[in-house]
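Chain naming here is simple, since letters A, B, ... match the order of the sequence lines and numbering starts at 1 in each.
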Amino acid sequence: MDISELIKCNDYCWEIPAQGKMRVPAVIYADETLLQAMDEKVAQQISNVAKLPGIVQAAYAMPDAHWGYGFPIGGVAAFDAEDGGVVSAGGVGFDISCGVRTLLTGLKKQELMAKQTALADMLFYQIPAGVGSTGCVHLNHQEMDAMLQGGARWAVRRGFGLESDLERIEEQGCMAGADASQVSEQAKKRQKDEMGTLGSGNHYLEVQCVSRIFDQRAAAAFGLQEGDVVVSIHCGSRGLGHQIGTEFLKRMVLEAGRHGIELPDRELACAPVNSATGQAYLGAMRAGINCALANRQILTHLTRKVFAEILPQAELRLLYDVSHNTCKVETHEVEGRKRKLFVHRKGATRAFGPGHPAVPGDLRSVGQPVIIGGSMGTASYILAGTAGSEQLAYSSACHGAGRAMSRHAATKRWRGREVMDVLAGRGIMIRSPSQRGVAEEAPGAYKDVAAVVEAADAGGLATTVARLEPLVCVKG
DNA sequence: ATGTCC
């Protein structure tokens, strides 16, 4: 990216001043190195977001931002419905409520190592992964609607996991305002056999070891110590979320003119929050959030079953579950005034600071856990929300390493088999149904996650708590 | 991300 047009606010914050049809400035949080490596399209896309009706304060890009459909991945934007604000399907992303949860196991790395191969094989056998994968749960119409309304709460009631899991999930596991009747039959049909499946692309289930603690107090509150084994699950709402996104995107493009919305880019199709389509999308999108929460909950149950067999002394407790493709109604202070806003986070994690009422009581003094999934074979990080992040980007942080190379380019450069062999040599066991998928996800195709986390920390978006190193990875 | 193009 050409940084000569940007105003440097500080070493980790850069502004594109409002110009032309931009209603507000665009702000990118990154250090100079990340910024220079960032695709020019991120600046274009985030500037286009700043042109949408009802946008408040600024459009933001996180340190892991890269080119996406309409909105950049790693984009945050909030809209005021009272001010003509919009909701955008492309601003949430196709994989609605894609997210990651981390489970504590109570195990130390040494206990796990003797069983590493058995665990890798059993997880791969029990966790459905890959394009079009189907699971052990099959939903009829009635159960589909119950799942879409109930989320992880529905899953726990059906025997998948523990009641105590729910308090460690955003929205206590059930997104309010979901409207299953706004989800098309086609979307439901695609999902009926896909519950409890990882999917493909960058989705994974990873067994990890805590390799470094950065913040002792926060780590103690989160239950993390050096040498601990944890499990992280990254996946979303599968075919259902994709279908909802596709259908509403089309509908929003067709209706934009009727709502007097001039689209700077077709891919930024949106509808006023206060319109039939806006409300219908919000209902369907929230149902999609519940689908993703239920999906991760079922996968958690399957993971517990595998550990019970291979390492029966393990006790898997949910640390936290974050969604990084959402639009949520939140109250934020803007220029001294509290406003109800529709906050879009696409490839960005909610990061509420200490004291926020939505953070579970026993974690509230340190802030919300923010889980940053690394790429395959690289570290992941646990951060905590900060008090200052509300004024920086509506309490948001990055979500991962962010791609640095296209999938196509990655498959030309690497072969899945060799990527797996190299990682095996470093003690990391990869299991995947797709060699090509492994090549696409080669560590070299991603940005340096440590640099991304450092920029998020130094920029004040969140504070680093712990680093996790992979031991076993089931890759979609 | 995605029944990787109804």
So is A:Arg168 actually on top of A:Tyr320's ring, under 6.0 Å and inside 45° of the axis? no

A:Glu194 CD to B:dT2 C1', in whole Å, measures 9 Å

Lys/Arg N to Asp/Glu carboxylate O, A:Glu440 vs A:Arg436, below 4.0 Å: yes

So what does A:Gly199 hit on the nucleic acid, given a heavy-atom distance under 4.0 Å: a base, only sugar-phosphate, or nothing? sugar-phosphate

Whole-Å distance separating the CD atom of A:Glu247 from the C1' atom of B:dC6: 13 Å

Pick base, sugar-phosphate or nothing for A:Gly201, based on heavy-atom distances below 4.0 Å to the nucleic acid. sugar-phosphate

Base, sugar-phosphate or nothing for A:Arg436? Non-hydrogen atoms, less than 4.0 Å. base

Tell me: NE2 of A:His203 to C1' of B:dT2, nearest whole Å? 10 Å

How many whole angstroms separate atom CG of A:Leu198 from atom C1' of B:dT2? 15 Å

Nearest-nucleotide 5' precedence on DNA chain B, A:Ser434 against A:Arg403: A:Arg403

Rounded to the nearest Å, what distance is computed from the CD atom of residue A:Gln243 to the P atom of nucleotide B:dT4? 12 Å

Rounded to the Å, how far apart are A:Phe94 CZ and B:dT4 P? 14 Å

Looking at A:Arg407, does any N or O in its side chain come under 4.0 Å of the phosphate oxygens OP1/OP2 on B:dT4? no

So, OP1 or OP2 of B:dT4: does either fall under 4.0 Å of a side-chain N or O from A:Ser200? no

When you look at A:Glu262 and A:Lys21, which way does the salt bridge (charged side-chain N to carboxylate O under 4.0 Å, His left out) test go after all the steps? CA-CA 10 Å; A:Glu262 195 186 323; A:Lys21 293 188 173 175; 2.7 Å; yes

Gap between atoms NE2 and P, on A:His408 and B:dT4 respectively (whole Å): 18 Å

Indicate whether any N or O donor in one side chain lies under 3.5 Å from an N or O acceptor in the other, for A:Thr378 and A:Ser375. yes

Please report, rounded to the nearest Å, how far the P atom of B:dT4 is from the OH atom of A:Tyr69. 17 Å

Let me see the working for A:Gln243 and A:Glu247 under side chain to side chain donor-acceptor pair (under 3.5 Å), right down to the final yes or no. CA-CA 6 Å; A:Gln243 189 67 27; A:Glu247 290 169 8; 2.7 Å; yes

